[in-house]
Amino acid sequence: MNTVYTFGGNAPHDDPRQKDKTVTGGKGANLADMASIGLPVPPGFTITTEECTRYLTHGESFSDELRAAVAQALGHVEQTVGKRFGDAADPLLVSVRSGARVSMPGMMDTVLNLGLNDETVQGLASASGDERFAWDSYRRFIQMYGDVVLGLDHGLFEEALEIAKEDRGYFADTELSAGDLKELVGEYKTIVAAERGEPFPQDVNEQLWGAIAAVFDSWDSERAKVYRRLNAISAEWGTAVNVQAMVFGNMGDSSATGVAFTRDPSTGERAYYGEWLINAQGEDVVAGIRTPQYLTKAARENAGAEKPSMEEAMPEAYAQLARVFDLLEDHYKDMQDIEFTVQQGTLWMLQTRSGKRTAKAALKMAVDMVGEGLINEQTAILRVDPMALDQLLHPTLNPDAPREELGTGLPASPGAASGKIVLDADTAELWSNREEDVILVRVETSPEDIHGMHAARGILTARGGMTSHAAVVARGMGRPCVSGASGVSIDLASRRLRIGARELKEGDVITLDGATGQIMAGRVPTIEPELAGDFGVLMEWADKHRRMGVRTNAETPADCKTARGFGAEGIGLCRTEHMFFDASRISAVRAMILAEDETARQSALDRLLPEQRSDFADIFRTMAGLPCTIRLLDPPLHEFLPTRDEEFAELSDSLGLGVDHLKRRANELHEFNPMLGHRGCRLGITFPEIYAMQARAIFEAACEVSTSDEPVVPEVMIPLVATQKELAILRALVDRVAEEVFADTGSRVDYLVGTMIELPRAALMAGEIAEEARFFSFGTNDLTQTALGVSRDDAARFLGAYVDKGIYARDPFVSLDVDGVGQLVELAAERGRATRGDIKLGICGEHGGDPESIAFCEKVGLDYVSASPYRVPIARLAAAQAALRSGG
Ligand code: PEP
Ligand code: MG
């Protein structure tokens, strides 16, 4: 198996491994792909991701085999270009770039112009006939290599560059002459030698291997690890390295470099979209040092910009680029994100990948592309990341609300957010951990800021374009972002800033509208999103292609309504205890818990009955005949006990019992481990009158609301069952109460009694338990807790470390531990079905709203998943994707 693959020139591109992203990474696979369909790709080679893993697990050393393969591949590049690497007369220069399976900020990105040294720079100057270009390339190389490979502070180089300009009274980098740049190179080399204790490496092979090592090492950098954790990327994937012959966008005014999308990544509009710079290299566009120009005439006119678009300034190269856009969309059947360079009028493609997009754009493109005949409905469904819908399901600014605009920037990532200004990523994280909404405001962001961007509600930068780090990362994360707001100036030392004419300080509240680029003072009210148009179309397709039902976890009529609006097909879990926290009821609940005998308890329950009945009636009405699973009381009772003195005093008044007495009683109820204590069906076993009251409320409400058109069929669910006997006793109780209510009211409804499977014993004994249960609902929150022996309430302290170390790929309370807990679910489903062929199976733990867990539920053949209201659309789409992926 190859460790290195060549591309471009006459390289063969026929080994399927070369186009497999898991082997050559996204960038490498697509470069080979583009070369093989005849697009202009500078020749190069890709070192496989497997070599990264090998390097990191073998004491960071390279094998002889790899060294030989790289030498051979370099030969291919030399031959294709007709120059030699390290040749003092006319040197081949290369770029070195990382490229994992999925694009991954946080890793070493790019070193350009590698292969320059004190000798080859002279060769480059004479061969190109452009001395300034040669020295500019060399100073860029030292700066980039110094920063990303040697780990030196890039600020030192920036400073030297600024001083060089200032001393000469220049404004732009382009004013520096060849002689100036030569001097600057000298200063850069002095900086390297002083900082590193060794001169800048002159041996081009040492440069190359240094860069390759830096790419591999960056896979394990802290920044990459944070990104991997946030995006569920396995540490084992590794990154590939791409080494490619340089083409130069900085060879004068017929040269340029740019980034482009085949459609608008913010809105999804079918219009070429991008930014470019004349006489520049790639990093100039992304770093936001110079303000990039628009790609198309229309976009430039729209923005009222002066500087010509590429369409106007380089019509031929632009026309060629537009042809490439169409070819690539047709080839990949998706919107592409492209990097290109024009070297003295000739277009070169440096990268293509499926472009990151906002949720809105993803939806629009998926639906449009079906209309254009580019993809089918199934592909459209698979195209949209279910979690990205989250962006669409949250509020946007109320257009009618008054707003005080402080300034504007670029609309870099849509959505609205308000919060307190924070000026660095650590503060963002700190304040957000204190449950405060924060807006991260920076001059520009870099991969070091990732954690702060994640913690922030929104991001505002003073510099950078629509493809700047801030913009790209924010879009990927679904954070609203306004970038390049030139009216923002920040004084970090005093923690103050100015936006337009306004002086502000860290902690002041602002609002961002990432869709318009507006920055506003204070908090501006928002409105709920409207889910029509493309969203509705895609959801309809999803519903057509999914097998599993989607219900919701809800216990208030308002939540039920939201969930129905999002397409919920019933309630999978109504946690009745949530109704007990209401201020008007808590004292009756406390009286019930603290009661010392049945009479006292019964009188408290009598007060609760009408309240519960009206709760259930409201819910049944809202759900209009859809199935409703109502769970009888589950939580540890201490959750309801008074803790504060005022609460005891109040209770003492209403019960006519002394405070000391009540405190003693509360103390008696103390449990060492309430999660495994007197909760769930254990309450029903020991205090049957509590469950009897709840059952009565359910059936009375059902009889009241049920009509022949919309019959109410309650599904009464018993929690935390471990044994068949528990369920048999409680089912008999529910049946008895049902008959009593039917006799009292003279009407009758159908109903089901079932149980949650949330203890390992219940999963193991599911065959027996199914004799008593018409349905199972997997309570995977408790099942995870009890199977892993990890307390739900205490897990946060250490699970992060577990995920960092790869012990669990993701937090098992968020995404089901398919290997372990999954086995319990699978086995219980099988055993339950063996006893009762038509047993209804669902899931109501948090995992019911997690796409990966939903895929597992599809595999096991569950009948439905139940998710919180805002997750219902996510679950609908994820269920459709799961069905399609499993060949449904
Ligand atoms: C569960 O345990 O998965 C469940 C849904 O119940 P709760 O979260 O209320 O314990
Ligand atoms: Mg539970």
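Note that ligands are numbered from 1 as they come in the structure, with each ligand's atoms numbered from 1 the same way. Keep in mind it's a predicted model, so treat the numbers as computed, not measured. Numbers here simply count residues along the sequence, with the first being 1.
Donor-acceptor pairing under 3.5 Å is lacking for the side chains of Asn433 and Glu429. Side-chain atoms of Thr786 and Arg761 include no donor-acceptor pair closer than 3.5 Å.
Aromatic ring pairs are classed by plane angle as parallel below 30°, tilted from 30° to 60° and perpendicular above 60°; the pair Phe687 and His678 is tilted.
Residue pairs meeting the ring pair (Phe, Tyr, Trp, His ring centres under 6.0 Å) criterion with at least one partner in residues 802-824, sequence neighbours excluded, do not occur; the list is empty.
Look at Arg810 and Glu852 and you find a salt bridge, because one of the NZ, NE, NH1 or NH2 atoms lies within 4.0 Å of a carboxylate O, short of that distance.
When you scan the N, O or S atoms of Asp782 for the one nearest the Mg ion (ligand 2), you land on OD2. For Glu758, the N/O/S atom at the shortest distance from the Mg ion (ligand 2) is named OE1.
Near ligand 1, Leu573, Arg575, Arg631, Asp634, Arg679, Met756, Glu758, Gly779, Thr780, Asn781, Asp782, Arg792, Cys844, Gly845 each place a heavy atom less than 4.0 angstrom from the ligand.
A donor-acceptor contact shorter than 3.5 Å is absent between the side chain of Arg547 and the backbone of Ala883.
Looking at every heavy atom in both residues, Pro851 comes nearest to Met387 through CD-SD, 3.6 Å.
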